[in-house]
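Below, read A as the first sequence line, B as the second, and so on, with proteins coming before strands; counting in each chain starts at 1.
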Number of protein chains: 2
Amino acid sequence: MSNYQEKWLEDLLQLTEDTGKKTEKQIRILEAATEIFSQKGYEATSTSEIAQKAGVAEGTIFRHYKTKRDLLLSIAGPILVKLAAPFLLRDFVKLMELPYEKADDFFRALAKDRFKFARENTKIIKILIHEVPFQPELMGQIKRLSSDIVFNRIEKVVEHFQEAGQLVSAPPWRIMRTGASLVIGMILTHLFIAPDFPIDEDEEIDLAIDLLMNGIGNRSM
Amino acid sequence: MSNYQEKWLEDLLQLTEDTGKKTEKQIRILEAATEIFSQKGYEATSTSEIAQKAGVAEGTIFRHYKTKRDLLLSIAGPILVKLAAPFLLRDFVKLMELPYEKADDFFRALAKDRFKFARENTKIIKILIHEVPFQPELMGQIKRLSSDIVFNRIEKVVEHFQEAGQLVSAPPWRIMRTGASLVIGMILTHLFIAPDFPIDEDEEIDLAIDLLMNGIGNRSM
DNA sequence: ATTAAAAGTGAGTGCTCACTCATTTTATTG
DNA sequence: CAATAAAATGAGTGAGCACTCACTTTTAAT
């Protein structure tokens with residue numbers, strides 16, 4: 001039954017499940033590292049600082065993680081997979097086609113789900129944004145996940161809605177980039193640029209999706 | 001005649017003009033630093049590496065720049081002002097209202113101009129993206145420039161086009177964020193994510209602005 | 001041609017960094 | 001409660017870092 005073409009994908013997903021039992025101190029190390037990495041950046045953070053914040057001897061860090069970079073990757077790696085998780089489901093396309101008759105509803109559901117995820121993982125996402133361009137491992141994983149999986153699968157959904165006459169006829173990648181830009185722009189605004197600006201999150205998403213579907217031009221013209 | 005409320009702004013603009021004559025070696029230092037900072041990140045770059053690449057003794061760097069951070073700021077600071085330059089013109093609003101009768105044309109002209117600028121300054125923009133969150137000076141300058149100047153001025157333009165019935169009636173900041181997200185998303189895509197993907201830049205911008213104005217929904221419904 | 005200032009040099013300095021390892025503490029198991 | 005393994009420790013280490021400074025070379029002005 002299993003599709004061996006996507007074996008590596010299953011491996012990735014399994015990695016995410018907290019298989020290895022972690023010591024209490026190991027967890028404290030991960031928490032401290034996440035905190036400081038997100039505040040000062042990976043390169044500007046020293047292992048001694050992490051050890052101090054975690055209440056742990058410096059040697060303990062290196063008992064669990066061979067290098068400082070190892071520690072970074074064991075924080076940033078799993079979140080990448082979780083970030084793409086909704087698109088990794090074997091039957092993503094079927095799942096999405098059925099419940100959503102309207103394209104709006106599909107994009108809205110996706111935006112709400114990923115906004116929630118981003119809000120719950122703000123610190124790690126900041127680390128990710130900062131470090132991905134300089135860590136080839138992360139870059140490679142992102143490219144594989146996004147272009148091979150996420151892109152192809154959403155492309156099918158877009159084409160489906162185009163055939164149903166709900167979306168303008170343009171290259172799917174352009175429609176996807178438009179949607180992604182708007183949603184990511186909205187999420188980054190509220191998480192990093194203006195985190196204190198009070199909003200009704202659901203309403204915010206509804207309005208953003210409305211502008212995505214209908215544009216900013218006056219519709220009565 | 002001069003508006004003293006915007007004195008600091010004039011100071012900023014003057015700083016950008018290459019007032020101080022630079023030695024040949026000083027220029028080489030700036031070029032080398034820009035190159036390596038953008039490749040490896042500021043913290044991961046050593047001054048000795050910069051000196052080597054610039055073909056200069058390490059001490060020479062510190063004759064011109066008190067600290068390594070000073071060197072970074074003298075690269076990243078001026079670009080911030082240039083990035084916001086089109087909006088800094090005293091009579092930005094008047095200038096923009098007159099030649100552009102249609103909102104499309106205004107956004108299109110702005111997008112083209114800033115795309116061109118970004119393409120000519122790719123490396124420094126990468127440094128900027130990477131370092132702004134961790135350098136309070138840059139963060140402060142960005143906030144002052146964007147919220148006090150850029151935001152207020154584009155807000156007036158948006159309101160103008162709203163009154164002319166060309167833009168949907170929504171809070172101007174939401175319209176601005178939508179436009180900014182789309183244009184920035186397009187620029188980042190072509191400069192960093194898929195730089196080898198061949199495009200007709202003008203056509204690309206036209207199509208992006210079309211999606212911004214009219215949305216991705218089917219218009220014949 | 002003289003002289004003073006500015007630009008450039010590179011060996012040297014103290015410090016911090018990531019990482020190691022011999023040793024001690026804690027957990028596990030029959 | 002031994003016996004053994006696993007986890008944790010922290011002083012120690014060499015390498016590399018940003019930065020200094022006494023000195024030399026270049027430039028500019030008279």
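The environment of B:Gln39 atom CD is dense: over 12 non-hydrogen atoms of other residues, nucleotides or ligands sit within 6.0 angstrom.
Among residues two or more places apart in sequence or in another chain, the side-chain hydrogen bond (donor to acceptor under 3.5 Å, both in side chains) test is passed with A:Lys123 by A:Glu35. By the side chain to side chain contact (heavy atoms under 4.5 Å, CB included) test, B:Lys40 pairs with B:Ile36, B:Ala44, B:Thr45, B:Glu49, sequence neighbours left out. Considering only residues two or more places apart in sequence or on other chains, A:Asp206 meets the side-chain hydrogen bond (donor to acceptor under 3.5 Å, both in side chains) condition with A:Arg108. Applying the salt bridge (Lys or Arg N to Asp or Glu O under 4.0 Å) rule to A:Arg63 yields no partners; only residues at least two apart in sequence or on another chain are considered. In terms of the side chain to side chain contact (heavy atoms under 4.5 Å, CB included) criterion, residue partners of A:Leu80 (sequence neighbours excluded) are, by chain and number, A:Leu128, A:Leu138, A:Gln141, A:Ile142, A:Leu145.
Of all nucleotides in DNA chain D, those with any atom nearer than 4.0 Å to a heavy atom of chain A start and finish, going 5' to 3', at D:dA7 to D:dG10. With a cutoff of under 4.0 Å to any heavy atom of chain B, the contacted region of DNA chain C is bounded 5' to 3' by C:dA7 to C:dG10.
Two end axes, each from the C1' atoms of five base pairs, can be drawn for the helix from C:dA1-D:dT30 to C:dG30-D:dC1; they diverge by 20°, to 10 degrees.
Within the 3.5 Å criterion, the main-chain N or O of B:Asp148 finds a donor-acceptor partner in the side chain of B:Asn152.
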Return all side-chain donor-acceptor pairs below 3.5 angstrom for residues 179-198 of chain A, not counting sequence neighbours, or 'none' if the list is empty.
from: A:Ser181; atom 1: OG; to: A:Arg177; atom 2: O; distance (Å): 2.8
from: A:Thr189; atom 1: OG1; to: A:Gly185; atom 2: O; distance (Å): 2.5
from: A:His190; atom 1: NE2; to: A:Glu204; atom 2: OE2; distance (Å): 2.8
from: A:His190; atom 1: NE2; to: B:Arg177; atom 2: NH1; distance (Å): 3.4

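Using a 4.0 Å cut-off on heavy atoms, the residues of residues 52-63 of chain B that approach DNA chain D are B:Glu58, B:Phe62, B:Arg63, listed by number. Listed by residue number, there are no residues of residues 32-40 of chain A with a heavy-atom contact under 4.0 Å to DNA chain C.
Pairs passing the salt bridge (Lys or Arg N to Asp or Glu O under 4.0 Å) check and including a residue from residues 178-189 of chain B, sequence neighbours excluded, do not occur.
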